[in-house]
Undergrad: 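Before anything else, here's the structure in question.
Every chain is numbered from 1 and lettered A, B, ... according to where its sequence line falls, protein lines coming before strand lines.
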Amino acid sequence: MFISKTKPLRCLTKHISKFHLSTALFHTWHFLSLPSSPSLTQIKQAHARILVSGLAADARFMGHLLAHLSLSDSVPLGYCKSIFRAISFPSVFAFNNMIRCLAKGNSNSPLQSLALYSSMQRGYLKPNNYTFTFLLQACSFASANTEGIQVHTHVMKLGFGNDVFIRNALIHLYCACSRVENSKRVFEEDALCRDVVTWNSMLAALVRSGQISVAERMFVEMLDKDVISWSTMITGYVQNGLLKKGLECFNEMREKGIKPNEAILVTALSASAQLGLISYGRLIHSTIESVNFPLTVPVGTTLIDMYAKYGCIEQSKFLFNCMPKKDICTWNVMICGLALHCHAKQVLALFQSFISEGFSPVNITFIGVLNACSRAGMVSEGRHYFKLMTNDYGIQPEMEHYGCMVDLLARAGLIDEAAQLIETMVVPLDPVLWSTLLGACKIYGLVEMGENIGNKLIQLDPNRDGHYVQLARIYAKARKWEDVVRVRRLMAERTRKIAGWSLIEAQGRVHRFFAGDREHERCYDIYKMLESIGLRVAEAGYLPNISPVLHDIGEEEKENAIKEHSERLAIAFGILVTEVRDCIRIVKNLRVCEDCHEVTKIISRIFKREIIVRDGSRFHHFKEGKCSCLDYW
DNA sequence: TTAGGGTTAG
């Protein structure tokens, strides 16, 4: 029978007195109660009792069942429909709850609720305020602007324009349909008909449309802020790439004594992960632990992702194993995290466990799996999973999947096969694929092919500096210095080069270095350390590889230019200010050049330091003279 | 007797 913490269906007991049911039946109804969030099984049990009592056609009982079903996730829509169809004379209440079942985001076609609304009107039933909230919800889920406007017209015609719930739903609808101006119009129509949800909905509409400074002003103006107002503003900053501002807002909220909830913690952790700065995220994590905040699925998943992005993959694995409950996102972040760290075999093993647990892979799962294959150069496995994805799971490959495959094939030297794959793609071509191929031309010294692709790319996107850089590197490797100069000049005329930088967290601060940087307060010591590193790596037999240097300068100057790459300055600073037992963690915006990669391996050996570099596309974990990427990147 | 806003994976 049902446990004590249950909420009886009050209508049922009322019904009993009305029909003077027998005492025995009264007891049956008394036990026919449901908890506030019943499971599908519990609802089905209640349904069975109603059927046994011969009340399957009663609008009130069935309306309640539908109300519970509309709240529960993953309820088969066919089941709701069969309940609704059994009602002899559906009331507005029953219609509303069926509309709500149809409107839910997990229903395949929320707009079916509009058809039900029409049939309700044909039955001469008058919609009420609840009807419109659910209908507008359906239009929001479907991002259906035209239908939404039609519902809005009905709202006005039938005189529900001053209902605050409906107005809030309208603001939300126009936001979901990317019509922020319409949201604003509804918001401004009546300043008296607003509550905190109205303000929050408008705030969300502004941040979602990227109007962050307008949102910021509104947030300051708001007299009545609740935890969702803060959550919306923090999320707004983070989703618009203003990560530091998002974290500052999070701090401000805490200083005001407002306790963060799950949504806020998840956003703050995600911002810290994106920044790649470990101390901040660790601080949030320790706060979560100190207040005994439960390791819920979203919090745990974000923590796993965050540690993977910090380079602490072992910590991610530990958390993954600790999580009492996992969803598909949890598995995906673990798979993608391991792939980011080039642990290809572990990725494939985890994918098997994922399937054994009864999960069905989605597009992102395969991005992780294919990325792992690509980074480890596992050609046959990559081909196998690419086929598995389309043939067994019916997932249409997206740009990212093709990207992994092109990268895998091209870097393995199968450049013709990679080019063929690009030609046969079923999605619109992204120049990044040709750019991947261009990278492979550099590895294999294919000057002619590289020239063709490089020129094609430059034609397609003349303002992007990356294509010129890659082409110039191909020429540099072939020591065709005149061509290097020509491409560099073109680049200087047409583009603005993105400056490379490296970050390191030390002594409670973030230090950023550019190549050849002399701005740091410990500049003298850093360059002294760089010199000492240079001598020791030379003693260890290192010979500089100057092909990454594009400048048309003398050989000695080229050597010096490499020596002063931003990551080397950051590493020198790291050796200077951290303890030997500490790992040196660097975050770099561009990819590590071959020479720096080689030198960092040697540094890790002769200085006995663990160095983790997160570059533009992956992690390099340097230890005892080796890198986790096994020089394949 | 049914209602609204903010959250995690490439």
Undergrad: Rounded to whole angstrom units, what separation is found between the CG atom of A/Leu295 and the P atom of B/dT7?
TA: 21 Å
Undergrad: Quickly work out the A/Ile99 CD1 to B/dT2 P distance and round it to whole Å.
TA: 16 Å
Undergrad: Which of these nucleotides, B/dA3, B/dT8, B/dG6, is closest to any side-chain atom of A/Tyr130?
TA: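 Taking heavy atoms from C-beta onward, the closest nucleotide is B/dA3.
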Undergrad: Quick check for you: among B/dT2, B/dT8, B/dG10, whose closest atom lies nearest to any side-chain atom of A/Thr302?
TA: B/dT8
Undergrad: Quick check for you: among B/dA9, B/dT2, B/dT7, whose closest atom lies nearest to any side-chain atom of A/Val333?
TA: B/dA9
Undergrad: Tell me the interatomic distance from A/Asn129, atom CG, to B/dT2, atom P, rounded to whole angstroms.
TA: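 Distance, rounded to whole Å: 12 Å.
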Undergrad: In whole Å, what is the span from the CZ atom of A/Phe351 to the C1' atom of B/dG10?
TA: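 It works out to 15 Å between those atoms.
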Undergrad: Has the side chain of A/Ser231 got a donor or acceptor that lies under 3.5 Å from a partner of the other kind on the base of B/dG6?
TA: yes
Undergrad: With respect to the side chain of A/Phe165, which nucleotide from B/dG10, B/dA3, B/dT2 is positioned closest?
TA: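 Output: B/dA3.
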Undergrad: Once you round it to whole Å, what is the distance between P of B/dG10 and CE of A/Met334?
TA: 13 Å
Undergrad: Have A/Asn371 and A/Ser374 got a donor and an acceptor in their side chains that come within less than 3.5 Å?
TA: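 No, no side-chain donor-acceptor pair sits under 3.5 Å.
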Undergrad: With sugar-phosphate meaning primed atoms plus P, OP1 and OP2, does A/Asp305 contact a base, only sugar-phosphate, or nothing at under 4.0 Å between heavy atoms?
TA: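 Sugar-phosphate contact only.
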Undergrad: Check every atom of B/dA3, B/dA9, B/dG10 against the side chain of A/Gln137 and return the nucleotide holding the closest atom.
TA: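 Selected nucleotide (nearest to the side chain): B/dA3.
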Undergrad: Quick check for you: among B/dG10, B/dA9, B/dA3, whose closest atom lies nearest to any side-chain atom of A/Asn371?
TA: B/dG10
Undergrad: Once you round it to whole Å, what is the distance between P of B/dT2 and OH of A/Tyr117?
TA: 21 Å
Undergrad: It should be established whether A/Arg60 places a side-chain nitrogen or oxygen under 4.0 Å from OP1 or OP2 of nucleotide B/dT2.
TA: no
Undergrad: Choosing from B/dT8, B/dA9, B/dA3, which nucleotide comes nearest the side chain of A/Thr301?
TA: B/dT8
Undergrad: Give a yes/no answer on whether the side chain of A/Lys309 brings an N or O atom under 4.0 Å of OP1 or OP2 in B/dG10.
TA: yes
Undergrad: So what does A/Phe134 touch, heavy atoms closer than 4.0 Å: a base, only the sugar-phosphate, or nothing?
TA: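 Answer is base: heavy atoms of A/Phe134 come under 4.0 Å of a base.
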Undergrad: Whether the A/Glu181 and A/Tyr174 side chains hold a donor-acceptor pair (N or O, under 3.5 Å, no angle test) is what I'd like checked.
TA: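 Looking only at side-chain atoms, A/Tyr174 and A/Glu181 do not form any donor-acceptor pair under 3.5 Å.
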Undergrad: Going by atom types alone, do A/Asp327 and A/Thr330 pair a side-chain donor with an acceptor below 3.5 Å?
TA: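 The answer is yes; a qualifying pair exists.
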Undergrad: Does the side chain of A/Gln239 get closer than 4.0 angstrom to OP1 or OP2 of B/dT7 through an N or O atom?
TA: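 So the side chain of A/Gln239 is within the cut-off, an N or O lying under 4.0 Å from OP1 or OP2 of B/dT7.
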Undergrad: Going by the rule salt bridge (Lys or Arg N to Asp or Glu O under 4.0 Å), which residues pair with A/Arg167 if we only count those two or more places apart in sequence or in a different chain?
TA: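 Result, salt bridge (Lys or Arg N to Asp or Glu O under 4.0 Å) vs A/Arg167: A/Glu189.
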Undergrad: Would you list the pairs meeting side-chain hydrogen bond (donor to acceptor under 3.5 Å, both in side chains) in which at least one residue belongs to residues 258-269 of chain A, sequence neighbours left out?
TA: A/Glu262-A/Thr296
Undergrad: Please pick, from B/dG10, B/dA3, B/dG6, the nucleotide with the shortest atom-to-atom distance to any side-chain atom of A/Thr235.
TA: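 When the side chain of A/Thr235 is considered, B/dG6 is the closest of B/dG10, B/dA3, B/dG6.
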Undergrad: Is the base of B/dG10 touched by the side chain of A/Asn332 through a donor-acceptor pair closer than 3.5 angstrom?
TA: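 Result: no qualifying N/O pair found.
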Undergrad: Nearest of B/dG10, B/dG6, B/dT2 to any side-chain atom of A/Ile367?
TA: B/dG10
Undergrad: Can a side-chain donor-acceptor contact be found between A/Arg185 and A/Asn182 if the only test is distance below 3.5 angstrom?
TA: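 Present: a donor and an acceptor within the cut-off.
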Undergrad: Would you mind reading off the distance between A/Phe619 atom CZ and B/dG10 atom C1', rounded to a whole angstrom?
TA: 15 Å
Undergrad: Between A/Leu269 (CG) and B/dT7 (P), how many Å, whole number?
TA: 15 Å
Undergrad: Nearest to the side chain of A/His172, which nucleotide is it out of B/dT2, B/dT7, B/dG6?
TA: B/dG6
